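Notes for the one structure printed next.
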Amino acid sequence: MLTQAPKGTKDVLPTESGRWQRIETAMREACARAGYREVRTPVFEHTELFLRGVGDTTDIVQKEMYTFRDKGDRSVTLKPEGTAGVVRMVLEQKLYAEAMPLKLYYLNCPNFRYEKPQNGRLREFHQFGIEAFGAPEATVDAEQIALAWRLLEGLGIQNLTLHINSIGCPACRPVYHEKLKAFLGARLGKLCGTCKERFERNPMRILDCKNPECQQEIQGAPSILDCLCEGCQTHFGKLQAALAAMGIPFSLDPSIVRGLDYYTKTVFEIITETPNGPLTICGGGRYDGLVEQLGGPSLPGVGFGMGMERVLMVMKSQGIAPPEPNLVDVFVCTLGEAALLPGLGLVHQLRQAGVRADSDHMARSLKAQFKYADKCGAKYVAVLGEDELKDGVVTLRNMLTREERKIPLAEVAKAIS
RNA sequence: GUGGGUAUAGUUCAGCGGUUAGAGCGUCAGAUUGUGGCUCUGAAUGUCGUGGGUUCGAUUCCCACUACCCACCCCA
């Protein structure tokens with residue numbers, strides 16, 4: 001127990017951190033190119049924020065949150081998703097007074113959900129996400145989708161599909177709900193237990209049910225797309241036109257409903273194939289009512305979340321190679337007691353000069369030191385033994401060409417550049 | 001929350017109701033007393049997940065617990 005990480009958590013090992021850094025760099029660069037700036041919000045927030053923000057009928061809030069009382073008897077919750085915290089920050093810091101649209105991103109943001117872990121699902125997982133506030137236009141939605149799409153594509157991920165849908169707004173969704181309930185009402189008896197519960201509170205989620213019997217009953221259900229009000233219809237049309245203009249392939253998927261209450265109009269998911277079936281690696285949409293609902297001004301917003309672990313998992317399963325380790329440029333081999341400190345001095349001097357340098361601290365055999373240097377991907381090995389010490393030089397070996405030269409101690413950095 | 005599977009060396013996995021539990025890879029060392037990758041030789045490392053039961057005897061069979069994996073649910 002003591003030596004075991006808590007259920008649903010994962011260590012990032014030294015052999016894996018290179019992969020993380022690679023996708024982090026790609027994400028930062030994609031955001032920088034599109035004018036998004038990084039923000040960081042606390043790991044926990046007042047529980048109330050998620051009850052109101054994420055929605056208290058959602059599974060996330062009802063059964064998955066890490067909620068506890070702190071020593072001051074405040075109810076706090078480890079954030080289960082990224083958007084609510086960012087919206088809170090925008091309100092508290094009055095960022096809505098800045099130039100619009102306000103474009104923000106977060107990276108490696110830890111999220112917590114108390115679920116049963118399985119393939120691609122952890123209790124602590126990390127998200128990359130972006131949010132844009134203040135612009136109601138569908139081109140912003142499209143821009144974000146394009147950012148996510150090109151990012152994943154750029155990482156070399158294959159088999160991506162983009163599914164988009166519109167779930168309407170407070171004006172047209174109730175109309176659709178009534179139509180849907182009229183349709184489902186007659187079949188209520190045949191639906192599964194969860195769907196029966198959803199019927200009153202959130203009938204659209206029934207469309208998302210994976211139960212084959214429910215799927216059977218859902219056949220022929222009215223589509224939200226036929227019930228959109230004029231505004232939502234226009235918005236959805238513009239989204240599609242904008243995606244087409246950017247060359248992003250998409251498919252309309254009325255079953256994309258999303259499990260968070262705050263979405264309006266655009267919802268989307270980017271799905272990839274894994275050996276275990278399809279997996280959503282990015283999901284998001286528009287939330288025009290959320291800021292106001294949390295007590296702020298009427299401020300439209302749109303964003304997505306991308307699961308970092310899922311991106312890495314998919315890359316690994318698709319055989320996308322990790323970056324080369326290549327830990328050192330020069331490895332300094334010392335021979336004998338007398339060479340130890342001069343060797344350490346040389347390593348230090350090289351590091352000061354910006355060279356990645358390392359040496360053996362254990363006075364091991366030259367052979368062992370060479371082997372270690374090789375494992376570290378050293379391009380050069382500098383040997384410092386009795387003979388070299390006498391002349392104030394090192395024997396510098398190019399590990400690729402096996403060529404060796406005597407180089408004065410002070411000129412090693414120059415010799416390898 | 002529901003259902004299925006697994007747990008043996010650092011790791012991937014064999015194995016068997018009976019003396020001293022094995023292999024590949026990795027690690028370390030030697031062959032080469034100052035030179036890496038390849039090869040050969042050798043060495044170290046295990047409360048056989050934890051607790052109970054059956055048995056003369058359990059790592060092996062049974063039960064519980066825990067963890068991991070997988071599916072449902074849900075989602076990133």
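Note that the coordinates shown come from a computational prediction; the quantities given were computed from them, not determined experimentally. Order of the sequence lines fixes the chain letters, A, B, ..., with proteins taken first and strands second; residue numbering starts at 1 for each chain.
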Just the rounded figure in Å: distance from [atom2] of [N] to [atom1] of [X].
X         : N      : atom1 : atom2 : answer
Glu309(A) : C69(B) : CD    : P     : 13 Å
Glu403(A) : G36(B) : CD    : C1'   : 16 Å
Arg113(A) : A76(B) : CZ    : C1'   : 6 Å
Asp387(A) : G34(B) : CG    : C1'   : 8 Å
Leu396(A) : G36(B) : CG    : C1'   : 14 Å
Asn119(A) : C73(B) : CG    : P     : 15 Å
Met65(A)  : A76(B) : CE    : P     : 15 Å
Asp59(A)  : G1(B)  : CG    : P     : 14 Å

Residue pairs passing the salt bridge (Lys or Arg N to Asp or Glu O under 4.0 Å) test with at least one member in residues 78-89 of chain A, sequence neighbours excluded, are Glu45(A)-Arg88(A), Arg88(A)-Glu92(A)
For [X], check side-chain contact (heavy atoms from CB on, under 4.5 Å) against everything at least two apart and list the hits.
X         : answer
Ala363(A) : none
Pro110(A) : Val43(A), Phe112(A), Glu124(A), His126(A)
Tyr96(A)  : Val90(A), Leu91(A), Lys94(A), Met100(A), Pro297(A), Leu299(A)
Gln118(A) : Arg121(A)

**Asked** Below 4.0 angstrom, N of the basic side chain to O of the carboxylate: do Lys406(A) and Asp391(A) qualify?
**Response** no
Side-chain ion pair, Glu38(A) and Arg28(A), N-O less than 4.0 Å = yes
When you compare [N] with [M], how far apart are their [atom1] atoms, in angstrom units rounded to a whole number?
N      : M      : atom1 : answer
U6(B)  : G10(B) : P     : 23 Å
C28(B) : G3(B)  : P     : 47 Å
C75(B) : U55(B) : C1'   : 49 Å
A43(B) : G34(B) : P     : 26 Å
A9(B)  : A14(B) : P     : 12 Å
U60(B) : G4(B)  : C1'   : 23 Å
G52(B) : G57(B) : P     : 15 Å
C63(B) : C25(B) : C1'   : 37 Å

Sugar-phosphate only, base, or nothing, as touched by [X] at under 4.0 Å among non-hydrogen atoms:
X         : value
Glu64(A)  : sugar-phosphate
Ile281(A) : sugar-phosphate
Cys282(A) : sugar-phosphate
Glu388(A) : base
Gly8(A)   : sugar-phosphate
Gly129(A) : nothing
Leu122(A) : base
Glu404(A) : base

Assign each of Arg123(A) and Leu366(A) the nucleotide of RNA chain B bearing its closest heavy atom; nearer the 5' end lies the nucleotide of Leu366(A)
Nearest-nucleotide check on RNA chain B, Thr9(A) vs Glu269(A); residue mapping nearer the 5' end is Thr9(A)
Is it the case that atom NZ in Lys181(A) sees more than 12 heavy atoms from other parts of the structure closer than 6.0 Å? yes
Output field dot_bracket for RNA chain B (Watson-Crick or G-U, both distances under 3.5 Å, | for other-strand pairs) contains (((((((..((((....[...)))).(((((.......))))).....(((((..]....))))))))))))....
By the side chain to side chain donor-acceptor pair (under 3.5 Å) test, which pairs, at least two apart or in different chains, include something from [range]?
range                       : value
residues 362-372 of chain A : Asp360(A)-Arg364(A)
residues 242-253 of chain A : His163(A)-Asp253(A), Asp253(A)-Ser255(A)
residues 143-154 of chain A : Tyr36(A)-Glu143(A), Tyr36(A)-Gln144(A), Lys103(A)-Glu143(A), Trp149(A)-Glu153(A), Arg150(A)-Glu153(A)

- Query: Are side-chain heavy atoms of Val383(A) and Arg397(A) found at a separation under 4.5 Å?
  - Reply: no
Check whether the side chain of [X] and the base of [N] form a donor-acceptor pair under 3.5 Å.
X         : N      : value
Arg121(A) : C70(B) : no
Glu115(A) : A76(B) : yes
Arg402(A) : G37(B) : yes

Residues passing the ring-ring contact (aromatic ring centres under 6.0 Å, His included) test with Tyr105(A), sequence neighbours excluded, are none
Closest to the side chain of Thr280(A), out of A76(B), G34(B), G36(B), is A76(B)
Give every pair of a protein N or O atom and an N or O atom of nucleotides 2-8 of chain B that lie under 3.5 Å apart, one pair per line with the distance.
unit_1, atom_1, unit_2, atom_2, d
U2(B), O4, Lys116(A), NZ, 3.1

If you compare every side-chain N and O of [X] against the phosphate oxygens of [N] (OP1, OP2), does one of them come in below 4.0 Å?
X         : N      : result
Lys7(A)   : U66(B) : no
Asn111(A) : A76(B) : no
Gln118(A) : A71(B) : yes

In Glu404(A), Arg405(A), Glu388(A), the residue satisfying side-chain hydrogen bond (donor to acceptor under 3.5 Å, both in side chains) with Thr395(A) is Glu388(A)
Item to complete: Ignoring hydrogens and angles, state whether a donor on the side chain of Tyr287(A) or Glu131(A) is under 3.5 Å from an acceptor on the partner side chain.
Response: yes
Readout for nucleotides 25-32 of chain B: B = base within 4.0 Å of protein heavy atom, S = sugar-phosphate only, - = neither; 5' to 3' it is --SSS-BB
